[in-house]
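Since we're looking at a predicted model, the values are computed, not measured.
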Amino acid sequence: MRVAPSPALPQQTAAEQVRSVLARALSLSLTLDGRTYDLLGAHTIGARGRITLHPPADTPLSDHLSRAPRGGLDARIDLTDIAPTALRDRVRARVTLTGRLAPATPGGLGSLRLALARATLRTGTGVQEVAPGAYTLAAPDPLALEEAALLTHLADAHADLVSDLVVLAGSRLPHGVVRTLPLAIDRHAVSLRCEYGEGHCDLRLLFPGEARDATEAGDMVRRLLTAPRCAHHHDHH
């Protein structure tokens with residue numbers, strides 16, 4: 001008799017992860033013609049993930065763009081997703097977007113829009129390419145903008161709850177954990193970083209259902225402790 005494979009645990013797609021990183025990013029790095037500019041609070045994400053840059057006037061970047069050809073410039077945008085809690089290794093993901101950067105309005109020299117050609121997501125589990133079509137159709141996780149507040153509140157006000165959640169891993173979590181902190185949360189699960197004297201492992205605890213907002217996410221975390229069984233996995237680093 002053939003045994004059916006176990007279903008994959010629910011998780012964000014690579015395209016959703018990219019969109020989530022962009023949704024909560026406050027800064028990015030822009031590379032044009034081999035020169036890199038760090039931009040803080042100078043971009044917006046519009047419908048279908050449209051990326052528009054709003055570079056400050058009277059800067060080297062503005063001078064660079066004023067000399068650009070009419071059709072725009074090949075550009076690379078890099079974003080780093082950093083955990084809001086005080087982990088040892090806080091970088092959770094890196095996103096690279098490449099494409100053509102041109103004025104958002106014909107003949108304009110103010111806002112710039114990226115025509116996306118390629119998106120790459122790098123995490124601790126590997127590198128994934130995201131096609132422009134998949135990026136456009138994806139949406140950020142519904143908790144993306146509230147994630148930082150949720151995780152810092154869990155770490156600062158509910159350390160006892162975090163300790164209780166770690167127990168759910170049972171015997172599959174190696175001995176020697178010296179500290180555990182919230183790492184990430186999305187509509188499907190909450191992830192914890194379990195640190196050892198050297199190295200760490202990440203524990204992902206699957207919610208009993210999907211969380212559509214911060215209130216439901218809090219309820220789901222509490223329900224994990226009362227659910228009879230809980231799906232989870234952990235990765236070692």
Undergrad: Between D81 and R94, is the closest basic N to carboxylate O distance under 4.0 Å?
TA: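 Between D81 and R94 there is no salt bridge, as every charged N stays at least 4.0 Å from the carboxylate O atoms.
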Undergrad: Without hydrogens or angle criteria, can the side chains of D89 and H200 be said to hold a donor-acceptor pair below 3.5 Å?
TA: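 Absent: no donor and acceptor within the cut-off.
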Undergrad: Would you say that D78 contacts V95 through its side chain, given a criterion of any heavy-atom pair below 4.5 Å between the two side chains?
TA: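 A side-chain contact is absent here, since even the closest heavy-atom pair is not under 4.5 Å.
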Undergrad: For S191 and D202, does a side-chain donor sit closer than 3.5 Å to a side-chain acceptor?
TA: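 No, because no side-chain N or O of S191 sits under 3.5 Å from a partner of the opposite role on D202.
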Undergrad: Looking only at side-chain N and O atoms, does S111 offer a donor or acceptor that is under 3.5 Å from a partner on T52?
TA: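 The criterion, which ignores hydrogens and geometry beyond distance, is not satisfied for S111 and T52.
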Undergrad: Taking only Lys NZ, Arg NE, NH1 and NH2, and the carboxylate oxygens of Asp or Glu, determine whether R88 and E198 approach each other closer than 4.0 Å.
TA: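 No, R88 and E198 are not salt-bridged.
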Undergrad: Linking I/L/V/M/F/W/Y whenever their side-chain heavy atoms sit closer than 4.5 Å, directly or via other members, would V162 and Y196 fall into one cluster?
TA: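 V162 clusters together with Y196.
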Undergrad: Is R90 reaching over with its side chain to a backbone N or O of T85, donor-acceptor style, under 3.5 angstrom?
TA: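 Side chain of R90 to backbone of T85: a pair is present.
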Undergrad: Would you mind checking if R187 and E16 are paired as a salt bridge, meaning a charged N to carboxylate O distance below 4.0 Å?
TA: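 Yes, this pair counts.
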Undergrad: Does a donor on one side chain sit under 3.5 Å from an acceptor on the other, for S20 and D141?
TA: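 The criterion, which ignores hydrogens and geometry beyond distance, is not satisfied for D141 and S20.
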Undergrad: Would you compute the distance between atom CG of D38 and atom OG1 of T31 and round it to the nearest 0.5 angstrom?
TA: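 It comes to 8.5 Å.
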Undergrad: Can you confirm whether T98 sits close enough to D74 that some side-chain heavy atom of one is under 4.5 Å from a side-chain heavy atom of the other?
TA: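 Not touching, per the 4.5 Å side-chain cut-off.
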Undergrad: With ILVMFWY side chains joined below 4.5 Å, transitively, what does L87's cluster contain besides itself?
TA: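 In the cluster with L87 are L181, L183.
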Undergrad: Under 6.0 Å between ring centres, would you say that holds for H158 and H153?
TA: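 H158 vs H153: aromatic centres under 6.0 Å.
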